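Everything numeric in this text was worked out from a predicted model, so none of it was measured.
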Amino acid sequence: MPQLASDLIQQVNQRLNQVGPSGIREVAQKFSTIPGIIQLTLGEPDMNVPEHVKNAAIKSIQDNDSHYSPQKGTLYLREGIHHYLMESQGLDYDPKTEIIATVGATEAICAALFTILNPGDKVVIPTPAFALYFPLVTIAGATTVQVDTSNSDFILTPERLEKVLDEEGDSVKAVLLNYPGNPTGVEYPQSTIEGLAKVISDHHLFVIADEIYSELTYGVKHYSIANVIPERTILINGLSKSHAMTGYRMGYMAGPKELIANATKMHAFMVTSPSNPAQAAAAEALHNGLQDPVKMCEVYQKRRDFVQAAMDEMGLSMATPSGAFYAFVKIPASYGKDDVKFAYDLAEQSKVGGVPGSAFGAGGEGYIRFSYAASDEDLTEAMKRMKHFLASKA
């Protein structure tokens, strides 16, 4: 087995050296070695891809659709993305010039950040937030400005954003919003989005809107900030959550054509183009499967209600999720804010896996995230184990 030459160890990308691996994945990997553990760590839908979507991927393979697609994705897929955005949110993007099909929303986030950021720029990120954002901003040579929203119902208010921008100065390039949010499941009201849009516009900023959970909402309709400031919005979404297609790795980015032209170059440098069978499946989902997420939403809402009732019974508070499939729970007072110790104690002593809230930034300290995208049986057993664990600590 080769070892890296000692004189090369310090010659790698130093920005990459500054960041660690994904805290979510690291915890999930460590907990997976515990026999009999119930993992509620990953945002991985336990449901199957709809049959008509799978059949589209199969047909692509059978038709020998095995050559490079256009770098921005097949036109039929981009037309499907246009169709979905128009039908669901009234957003009109030109499939030829304003949409890119990407390898998951993850690649779209990376391409967006690398397209707009220069060394010294700052990106405002309300926390707690998806842990991927922080290292990508760092690798791009920029700095994250984390705004703790734990005292404002996990929502960045326009007033707070205005104050942060006044403090941080002209080096702020963009605001990154994720709603419904990971890890909280909190959705932003339309009035708040409109207020944020005004502040962003007044300060001449980009907004990267990660709306991957937009189809998974409970009792509220998602409202994209692209409805208000499309000229400043880089809209990111995908099929992983809405159609349980995490392994297909299909996402997309939409925005003004001038920005998409540059983002297409970044996307092409990283991946060339997405795989054809995955694109065929995604196109089928977007053209003919807009109702597919409805039943999934009904299941998730029942699970949300079950987990919330269980937390209430255990005396633990949590943000009420109006979207996504996460319970973001305040840890017991006896642990203070040490969410890492609580998560490890719970996993090792009770065999229930959750992600420490501090993995999601400063606003997550003192919380733990559970994914209820798991079977009813696993959720029932996990809540029972957690109840016994807390009783043993009383």
Side-chain angles (χ1 to χ4, degrees), residues 23-24 39-47 105 125-133 147-157 176-190 192-193 209-225 236-238 240-242 244 246 293-312 314 316-331 339 343 353-361 363-374 376 378-379 382-383 386:
I24 302 170
Q39 285 274 43
L40 304 180
T41 49
L42 298 181
E44 175 78 37
D46 67 314
M47 302 178 198
I125 303 177
T127 63
F130 183 37
L132 175 75
Y133 303 146
V147 182
D148 184 345
T149 63
S150 59
N151 291 322
S152 54
D153 297 323
F154 299 112
I155 285 177
L156 175 65
T157 65
L176 202 166
L177 296 177
N178 169 223
Y179 66 103
N182 176 7
T184 64
V186 169
E187 176 66 300
Y188 276 52
Q190 179 175 333
T192 302
I193 289 299
D210 180 357
E211 302 181 15
I212 190 68
Y213 297 99
S214 60
E215 283 301 302
L216 303 181
T217 59
Y218 318 124
V220 295
K221 182 171 173 55
H222 179 76
Y223 184 77
S224 175
I225 197 167
I236 290 168
N237 210 322
S240 290
K241 315 302 182 180
S242 63
T246 51
V294 173
K295 288 186 178 179
M296 296 186 189
C297 257
E298 292 172 357
V299 173
Y300 290 138
Q301 185 166 357
K302 288 179 182 177
R303 292 175 179 174
R304 187 269 316 257
D305 293 345
F306 169 74
V307 171
Q308 186 149 34
M311 295 302 166
D312 289 344
M314 288 182 265
L316 299 177
S317 63
M318 61 177 272
T320 300
S322 48
F325 38 59
Y326 303 110
F328 202 56
V329 181
K330 186 77 171 173
I331 65 174
D339 49 81
V355 182
S358 53
F360 304 97
E365 190 179 4
Y367 288 80
I368 186 168
R369 189 197 77 175
F370 299 111
S371 168
Y372 50 85
D376 293 345
D378 277 353
L379 287 173
M383 295 302 101
M386 190 169 171

Identify the two heavy atoms, one from [X] and one from [Y], that lie closest to each other, and give their separation to 0.1 Å.
X      : Y      : result
Ala343 : Gly354 : CB-O, 4.0 Å
Pro180 : Gly185 : CB-O, 4.2 Å
Leu40  : Ala382 : CD1-CB, 3.8 Å
Lys241 : Met296 : O-SD, 4.4 Å
Ala209 : Ile225 : CB-CG2, 3.9 Å

Looking only at atom types and distance, does a side-chain atom of [X] sit under 3.5 Å from a main-chain N or O of [Y], one as donor and one as acceptor?
X      : Y      : value
Thr41  : Gly353 : no
Asp148 : Ser150 : yes
Ser371 : Leu42  : yes
Thr149 : Ser152 : no
Thr184 : Val186 : yes
Tyr218 : Ala324 : yes
Thr217 : Gly323 : no
Asp339 : Ser358 : yes

Does Thr192 have any side chain to side chain donor-acceptor pair (under 3.5 Å) partners at least two apart in sequence or in another chain, and if so, which?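 With neighbours one apart ignored, the set is empty.
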
Applying side chain to side chain donor-acceptor pair (under 3.5 Å), name anything that partners Ser317, two or more places apart in sequence or on another chain.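 Partners of Ser317 under the side chain to side chain donor-acceptor pair (under 3.5 Å) test: none.
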
Min side-chain heavy-atom separation Leu379-Val307 under 4.5 Å: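 Yes, their side chains come closer than 4.5 Å.
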
Gln39 vs Glu44 side-chain heavy atoms within contact, under 4.5 Å: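 Heavy-atom side-chain distance check fails, nothing below 4.5 Å.
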
Would Asn182 and Phe360 count as a side chain to side chain contact (heavy atoms under 4.5 Å, CB included) if you check the C-alpha gap in whole Å, the side-chain angles of each, and the deciding distance to 0.1 Å? CA-CA 9 Å; Asn182 176 7; Phe360 304 97; 4.0 Å; yes

Take Lys330 and Met318 through the side chain to side chain contact (heavy atoms under 4.5 Å, CB included) test and state the conclusion after the steps. CA-CA 6 Å; Lys330 186 77 171 173; Met318 61 177 272; over 6 Å; no

For the ring-ring contact (aromatic ring centres under 6.0 Å, His included) test, which of Phe370, Tyr213, Tyr367 pairs with Tyr326?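 Answer to the ring-ring contact (aromatic ring centres under 6.0 Å, His included) test with Tyr326 among Phe370, Tyr213, Tyr367: Tyr213.
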
Can you check whether Tyr179 and His222 have ring centres sitting under 6.0 Å from each other?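 For Tyr179 and His222, the ring centres are under 6.0 Å apart.
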
What pairs with Pro45 under side chain to side chain contact (heavy atoms under 4.5 Å, CB included), at least two apart in sequence or on another chain?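 Per chain and number, Pro45 pairs via side chain to side chain contact (heavy atoms under 4.5 Å, CB included) with Ala244, Thr246, Tyr300, Phe325.
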
Derivation of the side chain to side chain contact (heavy atoms under 4.5 Å, CB included) call for Leu316 and Met386: CA-CA 11 Å; Leu316 299 177; Met386 190 169 171; 3.5 Å; yes

Between Phe154 and Phe328, does a ring-ring contact (aromatic ring centres under 6.0 Å, His included) hold up when you go through it step by step? CA-CA 10 Å; Phe154 299 112; Phe328 202 56; 5.7 Å; yes

Quick check for you: to the nearest 0.5 Å, what is the distance between Asp378 atom CG and Met383 atom CE?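 Reported to 0.5 Å precision, the distance equals 10.5 Å.
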
Would you compute the distance between atom SG of Cys297 and atom NZ of Lys302 and round it to the nearest 0.5 angstrom?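 Separation between the atoms: 12.5 Å.
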
Hey, is Arg303 close enough to Asp46 for a salt bridge, meaning N to O under 4.0 Å?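 A salt bridge is present here (some side-chain N lies under 4.0 Å from a carboxylate O).
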
Under the side-chain contact (heavy atoms from CB on, under 4.5 Å) test against Asp210, which residue among Leu177, Asn178, Asn237, Leu132 passes?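 In the set Leu177, Asn178, Asn237, Leu132, the residue that makes a side-chain contact (heavy atoms from CB on, under 4.5 Å) with Asp210 is Asn178.
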
Evaluate the side chain to side chain contact (heavy atoms under 4.5 Å, CB included) criterion for residues Thr320 and Arg304: first the C-alpha distance (whole Å), next the side-chain angles of each, then the deciding distance (0.1 Å), finally the verdict. CA-CA 9 Å; Thr320 300; Arg304 187 269 316 257; 4.2 Å; yes

Check whether more than 12 heavy atoms from other residues, nucleotides or ligands sit under 6.0 Å from atom CG of Asp312, and answer yes or no.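 Atom CG in Asp312 is packed in, count exceeds 12.
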
